[in-house]
A.B. asks: 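I have a structure here, written as structure tokens, and I will follow up with some questions on it.
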Amino acid sequence: MAAREAALDLLSGEVLDVARGLLGFRIRSDIGGSVTVVRLTETEAYAGELDPASHAYRGETRRNASMFGPPGTLYVYRSYGIHWCMNVVVEPIGTAHAVLLRGGEPVRGRRLIEGRRGRADHLTDGPGKLCQALGVTGEQDGSSLLDGPVRLLPGKLPDGYRITATPRIGIAKAADRPWRFVARPQS
DNA sequence: GTCGCGATAGTCT
DNA sequence: GACTATCGCGACA
């Protein structure tokens with residue numbers, strides 16, 4: 001199966017399954033003439049208008065418009081006025097379900113990532129850091145993860161990685177739902 | 001390793 | 001005018 005079809009197949013599922021299933025997938029960005037790749041190890045599910053913690057809970061606005069697009073759309077927003085955070089839109093158009101990409105491990109372009117981050121550790125272990133590492137900004141908001149500058153490539157977690165579910169981070173509403181998924185080497 | 005705190009500006013009430 | 005789907009730093013253990 002081609003990469004595009006494999007990614008679309010996953011994105012057609014239910015948002016919790018997508019959030020879990022994205023672990024091990026890779027994000028490839030081709031921005032500013034340079035390619036960087038990160039393998040995903042941390043995601044969170046947001047259930048659109050059904051989820052008080054979702055940006056889409058109160059319906060469509062200027063900021064969240066791309067959440068209402070087709071599966072595979074990239075939703076990028078500014079967090080705390082400083083950072084960028086990226087989401088993968090899933091399920092049919094209009095449901096505004098999405099998966100926040102929170103963290104990963106550098107696979108390719110490590111030197112470029114270190115340059116963008118301005119340091120050599122903690123490169124991609126947080127949603128703002130992940131976007132900075134990949135060079136993702138509001139310019140990519142609304143682009144397609146299937147054939148845009150930032151793409152989703154199928155992949156598997158390294159041997160020995162285990163997935164755990166925990167409550168989502170940094171939210172006040174619906175804070176009890178264990179919709180954050182983290183993959184770590186078995187300890 | 002954990003905890004506390006300030007920075008910062010767009011978005012919505 | 002209030003509230004963030006965060007980060008990096010310093011203090012402490």
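Chain identifiers are assigned alphabetically (A, B, ...) following the order of the sequence lines, protein sequences preceding nucleic acid strands; residue numbering begins at 1 within each chain. Note that the structure is predicted; figures quoted are calculated from it, not measured.
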A.B. asks: Counting only heavy atoms and a strict 4.0 angstrom limit, can you tell me which residues of residues 84-118 of chain A come near DNA chain B?
C.D. replies: none
A.B. asks: For R119(A) and for I169(A), find the nucleotide of DNA chain C with the closest heavy atom, then tell me which residue's nucleotide is more 5'.
C.D. replies: I169(A)
A.B. asks: With a 4.0 angstrom cut-off to heavy atoms of chain A, pull out the first and last contacting nucleotide of DNA chain C, in 5'-to-3' order.
C.D. replies: dT4(C) to dC9(C)
A.B. asks: Cut-off 3.5 Å, side chains only: do R116(A) and Q132(A) have a donor facing an acceptor?
C.D. replies: no
A.B. asks: Less than 4.5 Å apart, side chain to side chain, heavy atoms only: is that true for L157(A) and L23(A)?
C.D. replies: yes
A.B. asks: Which protein N or O atoms sit under 3.5 Å from an N or O of nucleotides 10-13 of chain B?
C.D. replies:
residue : atom : partner : partner atom : Å
dC12(B) : OP1  : T61(A)  : OG1          : 2.4

A.B. asks: Should we count CD of E5(A) as having more than 12 external heavy atoms under 6.0 Å?
C.D. replies: yes
A.B. asks: Do D141(A) and L74(A) pass the side chain to side chain contact (heavy atoms under 4.5 Å, CB included) test, and can you show the C-alpha distance, the side-chain angles, and the key distance before you say yes or no?
C.D. replies: CA-CA 6 Å; D141(A) 180 46; L74(A) 182 62; over 6 Å; no
A.B. asks: Each residue besides L112(A) in its hydrophobic cluster should be listed here, by chain and number; the cluster joins Ile, Leu, Val, Met, Phe, Trp and Tyr at side-chain heavy-atom distances under 4.5 Å.
C.D. replies: none
A.B. asks: Counting heavy atoms not belonging to R119(A), are there more than 12 under 6.0 Å from its CZ?
C.D. replies: yes
A.B. asks: Are D51(A) and R168(A) within salt-bridge range, i.e. N to O under 4.0 Å?
C.D. replies: yes
A.B. asks: Does Y75(A) sit in a hydrophobic cluster with other residues, and if so which ones, taking ILVMFWY side chains as linked at heavy-atom separations under 4.5 Å, directly or through other members?
C.D. replies: Y46(A), M67(A), F68(A), Y77(A), V89(A), L100(A), I171(A)
A.B. asks: How would DNA chain C look in dot-bracket form, 5' to 3', counting Watson-Crick and G-U wobble pairs with both distances under 3.5 Å and writing | for bases paired to another strand?
C.D. replies: ||||.|||||||.
A.B. asks: With a non-hydrogen cut-off below 4.0 angstrom, is I82(A) in contact with a base, only sugar-phosphate, or nothing?
C.D. replies: base
A.B. asks: Okay, side chain of N64(A), backbone of H55(A): is any donor-acceptor separation there less than 3.5 Å?
C.D. replies: yes
A.B. asks: Considering only heavy atoms from C-beta outward, does the side chain of I169(A) approach that of R102(A) to under 4.5 Å?
C.D. replies: yes
A.B. asks: Got V76(A) and T137(A) here, is their nearest side-chain heavy-atom distance under 4.5 Å?
C.D. replies: no
A.B. asks: Taking everything shown except D147(A) itself, do over 12 heavy atoms lie less than 6.0 Å from its CG?
C.D. replies: yes
A.B. asks: Between T73(A) and S66(A), do the side chains contain a donor N or O and an acceptor N or O under 3.5 Å apart?
C.D. replies: no
